Amino acid sequence: MQLYHHPYSLDSQKVSLALEEKAIDYTSHHVNPITGKNMDAFFFRMNPSAKLPVFQNGSHVIYDTIEIIKYIERIAAVSSGSENVAVSSQEVEEWMHKIQEWDPKYFTLFHIPVKYRMFVSKFLRRIIIARMAECPDMASAYHGKLREAYETEEKLRDPEVLRHSEEHLIRILDEIEMQLGKTSYLVGEEFTLADVMLIPVLARLELLNLGETYIDHRPNVAEYWNMMKKRGSYKKVIGRYFGGWRKRKTLLKTWCLLNIRSMLRKY
């Protein structure tokens, strides 16, 4: 089983957490979206949306995050050899979809300093143009991604886009706060795939230095988040890249790589 993903991708974190929690062996392929590796011909031919993650098991390829996680759950059930292994309940699946409905893209971009955001955006547009020249048979698909990049920049000029995303996030967090006042985990007293979906969202807020605004003043969410950060899966999938001083190391490494490639015009 192959997983094409990257720690910067929130959906990649969800799938990686599921794999770790279910103890499924897989081969990891890092595809850094900030340096444009998701635009490389090999990956783009496999997945013209260029979105992460992509899960491949033989000839079976899955692109949808929730579908990947449910597939992993089925693999774990079969691998256990037990007929008593239960799949996720309807309540768990409802929470999974509810959390997945919030799109972190514009929320994240709005909270990145403009000079860094614009630098990365310009770099990625040059990557796409370079790939269009290298792969004329996929020029139309690459042109679509270039148009999407310009549309993203246009939306980031509209404060209503951020307001809508924030309101959606707040509604979800308020509902989660109420739920965690009743149960230790998102669904009941045991860790489920609903928690797998939530952990990366809270990690993203902390990465953007927004924990005080969105997590800390919700006591149940704050207590839950501290508990989740002690899990081995969190430490392996997220903590090793973004926990404490590691966050600066991860971001600095990518920033230096972008600057070197830009200076050398290595697109």
Side-chain angles (χ1 to χ4, degrees), residues 1-40 43 47 50-56 65 68-69 72 99-100 102-113 116-117 119-121 123-124 127 169 191 193 195-216 221-222 224-261:
M1 286 177 282
Q2 317 284 320
L3 179 65
Y4 299 87
H5 66 119
H6 198 274
Y8 284 133
S9 162
L10 193 134
D11 282 345
S12 290
Q13 293 176 355
K14 294 171 183 176
V15 170
S16 297
L17 283 169
L19 285 164
E20 294 300 328
E21 288 288 343
K22 297 297 183 180
I24 301 295
D25 290 332
Y26 65 100
T27 301
S28 169
H29 303 280
H30 275 194
V31 182
N32 192 334
I34 295 180
T35 60
K37 295 299 290 183
N38 57 327
M39 297 297 171
D40 285 357
F43 186 80
N47 179 23
K51 294 181 179 179
L52 297 170
V54 173
F55 184 82
Q56 183 176 16
T65 298
I68 295 173
I69 292 174
I72 290 168
I99 293 168
Q100 188 66 9
W102 180 67
D103 184 354
K105 177 180 176 179
Y106 293 104
F107 181 89
T108 299
L109 291 173
F110 266 111
H111 288 93
I112 294 174
Y116 298 125
R117 191 181 77 212
F119 179 88
V120 172
S121 178
F123 177 85
L124 290 176
I127 286 282
L169 174 63
F191 187 93
L193 293 179
D195 301 293
V196 161
M197 299 293 289
L198 177 57
I199 289 172
V201 174
L202 300 180
R204 177 58 54 90
L205 295 173
E206 192 169 86
L207 175 64
L208 295 171
N209 297 317
L210 296 171
E212 184 175 348
T213 303
Y214 292 97
I215 298 175
D216 293 352
V221 173
Y224 168 89
W225 178 226
N226 287 330
M227 180 170 63
M228 292 303 99
K229 285 190 286 186
K230 296 176 183 177
R231 295 186 75 85
S233 60
Y234 166 85
K235 293 176 182 178
K236 185 171 182 178
V237 173
I238 302 174
R240 68 186 292 191
Y241 300 103
F242 302 113
W245 60 270
R246 295 179 182 86
K247 177 175 90 170
R248 294 184 179 275
K249 179 183 177 182
T250 300
L251 297 176
L252 182 61
K253 180 180 178 180
T254 299
W255 183 245
C256 289
L257 180 59
L258 287 175
N259 276 275
I260 291 170
R261 289 181 61 182

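These figures come from a predicted structure and were not determined experimentally.
- By the 4.5 Å heavy-atom criterion applied to side chains, Leu198 and Tyr224 are counted as neighbours.
- Atom CD of residue Gln13 and atom CG of residue Leu52 lie 11.5 Å apart, to the nearest 0.5 angstrom.
- Here the CG atom belonging to Leu10 is positioned 9.5 Å from the CG atom belonging to Asp103, to the nearest 0.5 angstrom.
- The shortest distance between side-chain heavy atoms of Leu17 and Asp195 does not fall below 4.5 Å.
- A 4.5 Å side-chain heavy-atom check between Tyr26 and Val15 finds every atom pair outside the cut-off.
- Smallest separation of non-hydrogen atoms from Val196 and Lys14: CG1-O, 3.1 Å.
- Atoms CE and CH2, on Met197 and Trp102 in that order, are 12.0 Å from each other to the nearest 0.5 Å.
- Although no hydrogens or angles enter the test, the distance criterion places a donor-acceptor pair under 3.5 Å between the side chain of Thr250 and the main chain of Tyr241.
- Between Tyr8 and His6, the two ring planes are parallel [angle under 30°; tilted spans 30° to 60°].
- In plain terms, the two heavy atoms of Tyr4 and Gln2 that are nearest each other are CE1-CB, 3.9 Å.
- For the atom pair Ile34 CD1 and Phe123 CZ, the distance stands at 11.0 Å (nearest 0.5 Å).
- In this structure the side chain of Lys37 never reaches within 4.5 angstrom of the side chain of Ile127, judged on heavy atoms.
- Using modelled atom types, one side-chain atom of Asn259 and one backbone atom of Trp255 make a donor-acceptor pair closer than 3.5 Å.
- Among all heavy-atom pairs drawn from Ala18 and Leu193, the shortest one is CB-CD2, 4.4 Å.
- Separation of atoms CG (Leu257) and CG (Asn32) is listed at 7.5 Å; rounding is to 0.5 Å.
- Across every non-hydrogen atom of Pro53 and Thr65, the tightest pair is CD-OG1, 3.9 Å.
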Query raised in the report: Going through the distances and angles, do Phe43 and Val54 end up as a side-chain contact (heavy atoms from CB on, under 4.5 Å)?
Result: CA-CA 9 Å; Phe43 186 80; Val54 173; 3.7 Å; yes
Query - Verdict with reasoning, Asn38 to Asn47, per side-chain contact (heavy atoms from CB on, under 4.5 Å) - result: CA-CA 9 Å; Asn38 57 327; Asn47 179 23; over 6 Å; no
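- Sorted by first and then second residue, the pairs that involve residues 230-241 and meet salt bridge (Lys or Arg N to Asp or Glu O under 4.0 Å), not counting sequence neighbours, are Glu20-Lys236, Glu21-Arg231.
- Ser16 contributes atom OG, which lies 13.0 Å from atom CD1 of Ile24 (distance to the nearest 0.5 angstrom).
- Between His5 and His30, the ring centre distance stays below 6.0 Å.
- Nearest heavy atoms, Arg246 versus Gly239: CD-O, 3.4 Å.
- For Asn226, the CG atom sits in a packed shell: over 12 heavy atoms of surrounding residues, nucleotides or ligands are nearer than 6.0 Å.
- Within 6.0 Å of NZ in Lys105 there are more than 12 heavy atoms belonging to other residues, nucleotides or ligands.
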Kindly list each side-chain donor-acceptor pair under 3.5 angstrom involving residues 205-212, sequence neighbours excluded, with atom names and distances?
{"from": "Glu206", "atom 1": "OE2", "to": "Trp225", "atom 2": "NE1", "distance (Å)": "2.9"}
{"from": "Glu206", "atom 1": "OE2", "to": "Lys229", "atom 2": "NZ", "distance (Å)": "3.0"}
{"from": "Asn209", "atom 1": "OD1", "to": "Lys247", "atom 2": "NZ", "distance (Å)": "3.1"}

